[in-house]
Amino acid sequence: MYSLFRDLAIIILSAKFFGLVARKCKAPQVVGEIIAGLLIGPCVLNLVQISDSISVFAEIGVVMLMFTTGLGTNLKELIKAGPIATLIATVGVAVPLVGGTLLYGAFYGFAAVGSPEFYRALFIGTIMTATSVSITVATLQELGHLKSFLGTTIVSAAVIDDVIGIVVLTCVLGASSGTGTGLGKVLFNTLLFFATALGVGLVVHYAMKWLDQRNPHTQRITIVSMAFCFAMAYIAEEYFGIADITGAYIAGIVLCTMDDAPYVERRVDISNYVIFAPIFFASIGLKTDISGLTPEILLFCVCFVVVALITKIIGCGLAAKICRFNWDDSLKVGVGMMTRGEVALIVAQKGLAIGVVDPVYFTAVILLIVVSSVATPLALKAMFTKRPPVPHPSQAK
């Protein structure tokens with residue numbers, strides 16, 4: 001127990017210190033927190049080793065992270081973006097999924113459909129599907145194009161991209177878990193869960209709005225919201241075989257239109273920011289094993305980053321062109337969607353938990369996050385400055 005307190009003190013202090021250093025260097029704080037885990041873990045100083053207790057803290061962190069992501073979703077803007085954002089997001093998930101699967105097959109051989117090696121390849125593609133909403137939003141806001149039609153389309157597509165990516169993750173996790181459950185059964189369970197979540201969500205939505213009107217800006221709103229988050233995470237995992245993060249994300253979506261949703265998001269984010277999220281991101285570094293990093297795996301990591309970036313640009317860019325954006329704006333959409341962040345880490349973490357991917361492949365994910373997080377803001381700034389967006393045909397009177 002006392003060694004746990006020592007480990008938590010080292011993790012939190014080092015994660016926050018390197019997170020601030022990363023922010024000073026114009027990089028996302030999560031990059032610094034991951035690097036902190038690498039430094040204090042077995043890779044370098046070996047001050048802290050991953051344990052069951054730290055894994056529990058990390059799991060709470062990822063559940064709360066997905067809950068606040070759902071809470072921060074603008075449902076009206078998401079619906080307003082309509083078919084354009086949905087098409088861009090769908091193609092933006094499909095192309096990297098196929099690209100990642102083929103990449104793994106090219107390195108380690110193409111396996112029969114349904115075999116463990118096939119699901120390993122499919123999971124590498126699944127890691128590539130996620131888009132980081134936070135980095136994209138921050139970049140567009142800084143450039144002054146967040147509320148433009150192009151900016152709204154990119155952000156809406158990024159949100160829908162995460163929803164589709166989580167569904168894909170759920171299906172792949174269930175099918176590759178070794179329980180003998182086929183992909184069709186997993187897809188049925190996923191649809192059944194979302195149908196159940198819709199029914200439960202409507203009841204809870206109106207109940208929470210009633211409670212919110214009677215007790216605005218009170219701790220009980222936050223407490224009940226957190227209880228609903230953990231309940232949905234438990235129900236998803238225990239009764240439907242769905243990833244707990246899916247339940248937490250849906251819980252956030254259900255409550256995102258509540259008047260006090262921003263208030264709850266801030267209160268939940270305080271606890272997560274101080275304790276749980278740093279432990280989660282640092283635990284990624286703690287679990288990363290570079291002892292087995294061979295030249296072949298290093299080459300795979302480089303190819304992984306290149307394929308992940310190119311497939312997002314091609315998939316989302318071509319979908320935007322189909323939706324009648326010009327070539328310049330289509331390229332902006334593709335570049336805006338190529339950044340990766342927390343969700344890619346979450347996907348990789350889930351794969352490691354059931355043994356679908358090895359710890360050494362976290363190196364590829366971390367490298368992808370660092371490269372995309374640095375390259376995307378620079379590329380978007382150059383493109384928006386050199387070639388400002390033009391009105392979409394749908395905006396013409």
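The analysis underlying the following values was restricted to heavy atoms, covering all of them including side chains, and did not include hydrogens, waters or symmetry mates.
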Is the side chain of [X] donor-acceptor paired with the backbone N or O of [Y] at a distance under 3.5 Å, no angle test?
{"X": "R340", "Y": "I127", "result": "no"}
{"X": "S283", "Y": "L286", "result": "no"}
{"X": "K332", "Y": "L380", "result": "no"}
{"X": "T385", "Y": "A382", "result": "no"}
{"X": "S14", "Y": "A36", "result": "no"}
{"X": "K312", "Y": "T129", "result": "yes"}
{"X": "D329", "Y": "V390", "result": "yes"}
{"X": "E237", "Y": "D244", "result": "yes"}
{"X": "T222", "Y": "V264", "result": "no"}

Which atom of [X] lies closest to which atom of [Y], heavy atoms considered:
{"X": "G100", "Y": "V307", "answer": "N-CG1, 4.4 Å"}
{"X": "C229", "Y": "A248", "answer": "SG-CB, 4.0 Å"}
{"X": "P389", "Y": "F384", "answer": "CD-CD2, 3.6 Å"}
{"X": "C316", "Y": "G334", "answer": "CB-CA, 4.0 Å"}
{"X": "S271", "Y": "M64", "answer": "CB-CE, 4.1 Å"}
{"X": "G315", "Y": "V95", "answer": "CA-CG2, 3.8 Å"}

Value rounded to 0.5 Å, distance of [atom1] in [X] from [atom2] in [Y]:
{"X": "Y108", "Y": "L103", "atom1": "OH", "atom2": "CG", "answer": "8.5 Å"}
{"X": "E33", "Y": "I11", "atom1": "CD", "atom2": "CD1", "answer": "11.5 Å"}
{"X": "F17", "Y": "I35", "atom1": "CZ", "atom2": "CD1", "answer": "11.5 Å"}
{"X": "S330", "Y": "I313", "atom1": "OG", "atom2": "CD1", "answer": "12.5 Å"}
{"X": "L255", "Y": "M232", "atom1": "CG", "atom2": "CE", "answer": "9.5 Å"}
{"X": "Y206", "Y": "D212", "atom1": "OH", "atom2": "CG", "answer": "14.5 Å"}

Do [X] and [Y] have side chains that get closer than 4.5 Å, going by heavy atoms?
{"X": "L211", "Y": "V224", "answer": "yes"}
{"X": "S51", "Y": "I54", "answer": "yes"}
{"X": "F67", "Y": "L71", "answer": "yes"}
{"X": "L309", "Y": "L368", "answer": "yes"}
{"X": "N215", "Y": "D260", "answer": "no"}
{"X": "Y104", "Y": "F300", "answer": "yes"}
{"X": "F107", "Y": "C303", "answer": "yes"}
{"X": "I124", "Y": "T101", "answer": "no"}

Worked check of side chain to side chain contact (heavy atoms under 4.5 Å, CB included) between Q219 and R267
CA-CA 9 Å; Q219 289 186 1; R267 298 299 293 266; 3.7 Å; yes
For N46, does the CG atom sit with more than 12 other heavy atoms under 6.0 Å from it, leaving out its own atoms?
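Buried by this count: over 12 neighbours within 6.0 Å.
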Within a radius of less than 6.0 Å around CZ of F110, do more than 12 heavy atoms belonging to other residues, nucleotides or ligands occur?
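More than 12 heavy atoms, drawn from other residues, nucleotides or ligands, come within 6.0 Å of this atom.
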Look at the side-chain heavy atoms of Ile, Leu, Val, Met, Phe, Trp and Tyr, link any pair under 4.5 Å apart, and say whether [X] and [Y] land in one connected group.
{"X": "F281", "Y": "L20", "result": "no"}
{"X": "F325", "Y": "M383", "result": "yes"}
{"X": "I366", "Y": "L39", "result": "yes"}
{"X": "L198", "Y": "L192", "result": "no"}
{"X": "L65", "Y": "V56", "result": "yes"}

Residues I223, F228; criterion side chain to side chain contact (heavy atoms under 4.5 Å, CB included); working and verdict
CA-CA 9 Å; I223 292 170; F228 177 58; over 6 Å; no
I'd like to know whether V254 forms a side chain to side chain contact (heavy atoms under 4.5 Å, CB included) with L202, so could you lay out the CA-CA distance, the side-chain angles of the two residues, the decisive distance to 0.1 Å, and finally the verdict.
CA-CA 8 Å; V254 168; L202 285 173; over 6 Å; no
Verdict with reasoning, F280 to N272, per side chain to side chain contact (heavy atoms under 4.5 Å, CB included):
CA-CA 10 Å; F280 167 67; N272 209 26; over 6 Å; no
With the threshold set at 4.0 Å, does a side-chain nitrogen-carboxylate oxygen contact exist between D328 and K321?
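Salt bridge absent between D328 and K321.
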Is K16 positioned over the aromatic face of Y273, cation under 6.0 angstrom from the ring centre and no more than 45 degrees off axis?
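Here K16 passes the 6.0 Å and 45° test against Y273.
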